[in-house]
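Here is the structure we will look at.
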Amino acid sequence: MALNHSSFELTGPYGDWRDDLQSQGYAVIKNVIDSDKAQYYQRKALDWLSSFNPAFDLNDPTTWINENLPVQSKVNTFNGYSVTHEKFMWEARTEPKVLEAFSQIWGTDELLVSFDALNVTLPNRKDRPNQKPWPHVDQSPLRRGLHCIQGIINLSHAGPNDGALMVFPRSNTVTEEFFDGTDPSTWERKDIRLFSEEEIQWFAERGMKPLKVQAEPGDLVVWDSRTVHWGGEPTADSETIRTVIYASYAPARLASEETLRLKREALESYRATTHWPHENVVLREQLVRLADRSVDPRSRTVPLELPEYNDRMLQLAGVKSY
């Protein structure tokens, strides 16, 4: 049975980047943040990364090893240590042109924002080989139609050799057809579905090939959660430290009272949630755990630099009404 939530559809042509979002499943919106501001956000992100161990040196790649770094997932993201509520993260989320882009998508400026992760990908790490592609969609097969638009606030150069978002263009238009050919008893409510190498051939047979989304600091990348995608690793020729902030927005009217309660709890405890801003809000663990499941003694329950909340931020967080 499909999840009982209303979907939304883009109804172009628009004559702008939204046409790419509708037809290709992703879009790059140029110069949403000016270059100086993007450089500031990247510097704050790298300062945060450097705050955990004095042995870590951004200028010395030999120090780019697990023991010198906070715990991250296999996809180079950080959502523990209260990073999602660092001052610079909130500043980036409230950039006017970022909000304007999502307002154009949804037709309203009364938005909620996700409490999502920071990605810092250090190239050519000696202690960690590049991850294999892990194509997936971030929408349950039980949902039909457009429910979520994901976003990356890009703070570093993303060229052919650098770490960047990988997408299967146009896959958003056929993902539901793919699921219709699978056993419904295997469908889960969880809003992520990974594809095996055999399954991904289904998309290849329809002329779809993976594409690395190239972007510059200050660009905003958006994509439909039904688009097959993953975080692409840098090649051996890259010297760029990929730095991006994940931020998704959706109309506040779509959130239930329970979702708003969870968002308030997350905000008050400085915890991360999922990339969904308006539902599927799951609170991440506050204490970070090491590989042996013991608590990382470097765990932080408050940000290194506290955000300065204002009415707009509290509305985006879902704790103040529009």
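Taking the ring-ring contact (aromatic ring centres under 6.0 Å, His included) definition, one finds that F203 meets it with F178, F195, sequence neighbours left out. With sequence neighbours excluded, the residues satisfying salt bridge (charged side-chain N to carboxylate O under 4.0 Å, His left out) with R125 are D127. With sequence neighbours left out, R284 forms a salt bridge (charged side-chain N to carboxylate O under 4.0 Å, His left out) with no residue at all. Residues passing the salt bridge (charged side-chain N to carboxylate O under 4.0 Å, His left out) test with E257, sequence neighbours excluded: none. Checked against side chain to side chain donor-acceptor pair (under 3.5 Å), Q286 has no partners two or more places apart in sequence or in another chain.
Between E95 and K37 there is a salt bridge, with a side-chain nitrogen of the basic residue lying less than 4.0 Å from a carboxylate oxygen of the acidic one. No salt bridge links E197 with K132; every basic N to acidic carboxylate O contact stays at or beyond 4.0 Å. Electrostatic pairing of E177 and R170 does not count as a salt bridge here, judged by no charged N lying under 4.0 Å from a carboxylate O.
A centroid separation of less than 6.0 Å is found between the aromatic rings of W106 and F8.
Ring geometry for Y309 versus W90: interplanar angle over 60°, hence perpendicular rather than tilted (30 to 60°). Ring geometry for F102 versus Y249: interplanar angle of 30 to 60°, hence tilted.
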Donor-acceptor pairs under 3.5 Å, side chain of residues 20-32 to any protein atom, not counting sequence neighbours: which ones?
{"unit_1": "Q22", "atom_1": "OE1", "unit_2": "G12", "atom_2": "N", "d": "2.8"}
{"unit_1": "S23", "atom_1": "OG", "unit_2": "D19", "atom_2": "O", "d": "2.9"}
{"unit_1": "K30", "atom_1": "NZ", "unit_2": "D219", "atom_2": "OD2", "d": "2.5"}

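Side-chain contact of D296 with Y81: a donor-acceptor pair under 3.5 Å is present, judged by distance alone.
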